[in-house]
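Everything on this sheet refers to the single structure shown next.
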4 protein chains.
Amino acid sequence: MVKRIGVLTSGGDAPGMNAAIRAIARKVIFDGNEIYGIRNGYKGLAEGEIKQLSINDVSDTLSKGGTMLYTARYPEFKEKAGQEKAIAQLERFGIDSLIVIGGDGSYHGAEALSKAGFPTVGIPGTIDNDIPGTDFTIGFDTACNTALDAVDKLRDTATSHMRTFIVEVMGRDAGDIALWTGLGSGAEQIIVPEAEFDMDKIVSEIDTGRDRGKKHTIIILAEGVMRGAEFEEKLNARGDYHARVTVLGHVQRGGSPSARDRVLASVFGYTAVELLNQGKSGVCVGIQGKDIVYNELTDVLAGGSNHQSYMSLYDINKEISY
Amino acid sequence: MVKRIGVLTSGGDAPGMNAAIRAIARKVIFDGNEIYGIRNGYKGLAEGEIKQLSINDVSDTLSKGGTMLYTARYPEFKEKAGQEKAIAQLERFGIDSLIVIGGDGSYHGAEALSKAGFPTVGIPGTIDNDIPGTDFTIGFDTACNTALDAVDKLRDTATSHMRTFIVEVMGRDAGDIALWTGLGSGAEQIIVPEAEFDMDKIVSEIDTGRDRGKKHTIIILAEGVMRGAEFEEKLNARGDYHARVTVLGHVQRGGSPSARDRVLASVFGYTAVELLNQGKSGVCVGIQGKDIVYNELTDVLAGGSNHQSYMSLYDINKEISY
Amino acid sequence: MVKRIGVLTSGGDAPGMNAAIRAIARKVIFDGNEIYGIRNGYKGLAEGEIKQLSINDVSDTLSKGGTMLYTARYPEFKEKAGQEKAIAQLERFGIDSLIVIGGDGSYHGAEALSKAGFPTVGIPGTIDNDIPGTDFTIGFDTACNTALDAVDKLRDTATSHMRTFIVEVMGRDAGDIALWTGLGSGAEQIIVPEAEFDMDKIVSEIDTGRDRGKKHTIIILAEGVMRGAEFEEKLNARGDYHARVTVLGHVQRGGSPSARDRVLASVFGYTAVELLNQGKSGVCVGIQGKDIVYNELTDVLAGGSNHQSYMSLYDINKEISY
Amino acid sequence: MVKRIGVLTSGGDAPGMNAAIRAIARKVIFDGNEIYGIRNGYKGLAEGEIKQLSINDVSDTLSKGGTMLYTARYPEFKEKAGQEKAIAQLERFGIDSLIVIGGDGSYHGAEALSKAGFPTVGIPGTIDNDIPGTDFTIGFDTACNTALDAVDKLRDTATSHMRTFIVEVMGRDAGDIALWTGLGSGAEQIIVPEAEFDMDKIVSEIDTGRDRGKKHTIIILAEGVMRGAEFEEKLNARGDYHARVTVLGHVQRGGSPSARDRVLASVFGYTAVELLNQGKSGVCVGIQGKDIVYNELTDVLAGGSNHQSYMSLYDINKEISY
């Protein structure tokens, strides 16, 4: 019997989400089943914005940023009523299982559906890289490359003037983008929510660098610590640093996904379909080393965050970019 | 007799300055003459930071952003005393003519040296594209491509959410970067110093777009009008626009120069040497259509700005990106 | 009365064609008229592959390479019969004027339609930059940046080994891509159809460079002179050059258009509609310096080629990249 | 007592080698020790091309492709005599341990030195990703992104014409670049040395795709199977495929390293110094999942290749890019 599988993206969009949707759609069709795209996340699910996808619908999407299924906020999905609406819509369309691509918040919804008896599998899609149980999430690699490219350009001009540059990158609770961008660009300072914020120490390290003859200082600041404009003001109040801020903002969410994110997304999408084929539910896909794995959503959500996972990069940077 | 030609970069750096320096150095050496690099602009000139350049010194610089000769502020050069110091240094090193790469302010210095009898030729190097007598300045094309790339990435994510994005680009008195980036990205609003600022009209046009079903609005703001953070605040005070700002800052000054900027810089550099070879002074190089031209520095400096030159792009955008 | 304007792309595709189509469509709709997209060039025109375009049809196309209207070969259009089929289709759809985006060959078709009494305007869209009457064609700037990026990467690795690299770029009769890429990358040799091919001289210049201590040689070869593999063989037969070829091929036709190409394409598209609005026919748009101009198709087609226009770059390169 | 550590790069260069050299140099100096750069690999080692590096020597190298220490072929190092020359040079400079960055062949040299009693640690640097004991080698990620970018551009133009495009990528014995590029770009065919070559099957799959209405076919070919020009000829002999080849060649070795390669290289460099600090020798660094590990060189060299490691990507692609 032909199965009908639904797919939605939820939360902040991330480069590679389209690659995952494409892999899901093509694998489902390869298997002889039907794939349904649900627009605008859980909101569209509750409101029935559901349409069958053909192979043509996903052609030329692999390389595109954003999500062709859109995403929206829908706090009502935390309530039983919202979830029931969703299940009613899924039944109306004869859909028998669902793949949810998104972050933390999206996984809560997927868990709720699974607990309500609807087969649901999650795929980690968020630039923040803050999902336990997987080394990487879809979009993180692209976001790091985007931020890094900006810092490279800053460095070109920084060497011409004695200047301090602050780059505000995304990351509310997780400093992963800041850490990778900072280590990848040789930034003198990386300021992340996971480390204690100590303005005196920062100023003193900048001064030491200048005393040693450094021509410029580059500071990568995760937005979760404070906004770039605020930090610029704080630093300039401390002395003649001529600090100037760059705020990349949502630029980090866009762009054509990197090779890494496309391969990851494709493999995650393929695997999520396979898991549904095997009758699994309430699980989410992940990568650990070279292994594609799956974890219980409940464990992942209980697992707290993996914010600390890359903190060794923070320490290494202290010894190679002083 | 072997001639000694000096070269310096002054003012804000621009991608392609290194390509110009390289072309100058190699052409001078090809001619059998000597080339001297002056570091830190007019400041380094007055202080004697001068060194002969070999072909090796300029190897692998063509593709690099920034300026290998550095640049610095030096307000003292407006005074006679500063200029005399410079000429003394030039004589000390036996340098008999000078090429200055920079913008408006740098041209004033070049004019002063020329009037004082020292053979000097200018090359327009500034991302702002605000030098009369030339269609384009070195660095403008690269800066536009950098800004455009950021807006493209924003658009990817903008289509997933109902959002208003503000992108602050460089341009204190000249809106050229904003105009080209805006037209090149299909931005709904381009806000430049050359046009009257009318918040009511902006808000009303955004509302019209939303009423017609637009999913997002992209606004390109030249920093000369106001800072992005200020505009974000103003706009969000007007309604539920969820406006969010991206500030590219000095990122626009960096990056490997585009094909256009490299070719322009190489041809400008070559031509400046030729002009000195022909005994010209007090002139600056430019491009008009396919023709490489030169103008009197005095005329260019008197010519006011050419800010208005691309304002037709502003009007065109109103009819194709409403 | 509402006018109906058709648009087609013909010949080899070029980055920026979509930007032109978008500008045309939006301007036509802004004017209160109707725009019809014709697929697969003159072939689709003769066969009636014609569909009205809405604003949504051109949304998110500005930044995309290729052409959303496709293109195809159709030698039959040189014959009267083919042209009559086309006019019959245009009448069937009530289309009263036509914009053709393409190169040389496409202009012949446009001229024929215009002579047959059907109002037709041309836009120069080809990466080869070989259309008289305009400084630049749509796509050329992007193609140069793509080729340049490849040569930059080659240079990174070339400095590690004593090697000779050959890069075959597009250009059957026109060496413009080779010239700009060569000058922009500081290539030691630029081989174009416009210059006499002299293997002895090439080998002798390479040898001179090696004797002077050059670590590597980069040769840009326009495909019109000979294929890269053939040149590789010829050169390696002359000595121990370890020459290795890179063939970029159709990669040069793709990619998101550069700022320059997007602005050019938008302005050309806008202007072509204006020309039709003014009752013009048998003309084509162009840029000369900062001026948007138009020329008679007949003059442009008679004008031979403008292959020689950038040959001064060839001479300049000899003096700055020896 | 101050330790003296040497570093060299050997074999084909790879993007990220400079990032590794920089991390090694800065870490060694941070530790209060001295770092010596050896130019031109084992050849330069045997010939004494050795120079102490300061922090300035590695500044602004992190983002650069190639290797600032150059690399060269030196088959003599397989012989005892070559190795003894090298050890004599190391003793002459008072260097007490060595870090070798390179691939397979380079590891043989490192093993020989270690067996001869000279403390030596290896770092996997090769775009081929064919070193056992590590998930990834330095340079692989950047090479994949470069190849992917080319295929993306091809696809733009491929959709305008009915065409078959062949892209020859690097990989003599290992198909990793082909696999990642192919999966990342949704290529219809991936041809790697690890899979049996079956021309009939390839042609039949292309035909099936065309019958289903596919507008174009993209084939990624690892150079180890055959050269692109040869495959082009073979395929066109089978029918009307209009196949055209792109040969990226050494372009894949260059370019600014990706975020992934920079972080990997930095962490590898740091770790190699730490291993020497701990008195280790005859080992090489690797990454397995999130863990930085080290393996015995002897085991790694005996371990054959890990060519097969990503062959599951090959199978997945068959089900999602048919």
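A note on names: the letters A, B, ... follow the listed sequences, proteins ahead of strands, and every chain is numbered from 1. Any value given below was found using the heavy atoms of this structure, including those in side chains, with hydrogens, waters and symmetry copies removed. The shown structure was predicted, so the numbers you read here are calculated from the model rather than taken from an experiment.
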Q: Tell me, with the steps shown, if K214(D) and E188(D) meet salt bridge (charged side-chain N to carboxylate O under 4.0 Å, His left out).
A: CA-CA 10 Å; K214(D) 259 193 181 295; E188(D) 283 81 5; 2.8 Å; yes
Q.
With a 4.5 angstrom heavy-atom cut-off, is it the side chain or the backbone of L183(D) that approaches chain A, or both, or neither?
A. both
Q) So which of S321(A), G269(A), G213(A) has the biggest tally of heavy-atom pairs under 4.5 Å with chain D? A) S321(A)
Q) Can you check whether Y294(D) reaches C284(D) side chain to side chain, under 4.5 Å on heavy atoms? A) no
Q. Taking every heavy-atom pair that is under 4.5 Å apart, which of A23(D), S63(D), C144(D) has the most such pairs with chain A?
A. A23(D)
Q) Measuring heavy-atom distances to chain D, does S59(A) have an atom under 4.5 Å in its side chain, in its backbone, in both, or in neither? A) neither
Q) Side chain, backbone, both or neither: which part of K215(D) has an atom under 4.5 Å from a heavy atom of chain A? A) neither
Q.
Tell me which of these, R260(D), R155(D), R22(D), K27(D), has more heavy-atom pairs under 4.5 Å with chain A than the rest.
A. R260(D)
Q. Is it the side chain or the backbone of N56(D) that comes within 4.5 Å of chain A heavy atoms, both, or neither?
A. neither
Q.
Quick check on A19(D) against chain A: is it the side chain, the backbone, both or neither that has a heavy atom closer than 4.5 Å?
A. neither
Q.
Would you say that N18(D) contacts L62(D) through its side chain, given a criterion of any heavy-atom pair below 4.5 Å between the two side chains?
A. no
Q) Hey, mind stepping through D152(D) and R262(A) against salt bridge (charged side-chain N to carboxylate O under 4.0 Å, His left out) and telling me if it holds? A) CA-CA 12 Å; D152(D) 279 357; R262(A) 293 192 200 181; 2.6 Å; yes
Q: Measure I29(D) against the heavy atoms of chain A and call it side chain, backbone, both or neither at under 4.5 Å.
A: both
Q. Is M68(A) close to I21(A) at the side-chain level, that is, under 4.5 Å between some pair of heavy atoms?
A. yes
Q. So which part of Y270(D) gets closer than 4.5 Å to some heavy atom of chain A, the side chain, the backbone, both or neither?
A. side chain
Q) D60(D) and K64(D): salt bridge (charged side-chain N to carboxylate O under 4.0 Å, His left out), yes or no, with the steps? A) CA-CA 8 Å; D60(D) 282 324; K64(D) 298 209 167 49; 5.3 Å; no
(Q) Counting heavy-atom pairs under 4.5 Å with chain A, which one of V28(D), D31(D), D141(D), I287(D) comes out on top? (A) D141(D)
Q: Please round to the nearest 0.5 Å and tell me the distance separating atom OG1 of T217(A) and atom CD1 of I206(A).
A: 5.5 Å
Q | Pair Y314(A) + W180(A): ring centers closer than 6.0 Å | A | no
Q. So which of A147(D), G184(D), G289(D) has the largest heavy-atom pair count under 4.5 angstrom toward chain A?
A. G184(D)
Q: Enter the distance from I316(A):CD1 to T271(D):OG1 here, rounded to the nearest 0.5 Å.
A: 5.5 Å
Q) Looking at V263(A), I24(A), L148(A), which one has more heavy-atom pairs under 4.5 Å with chain D than the rest? A) V263(A)
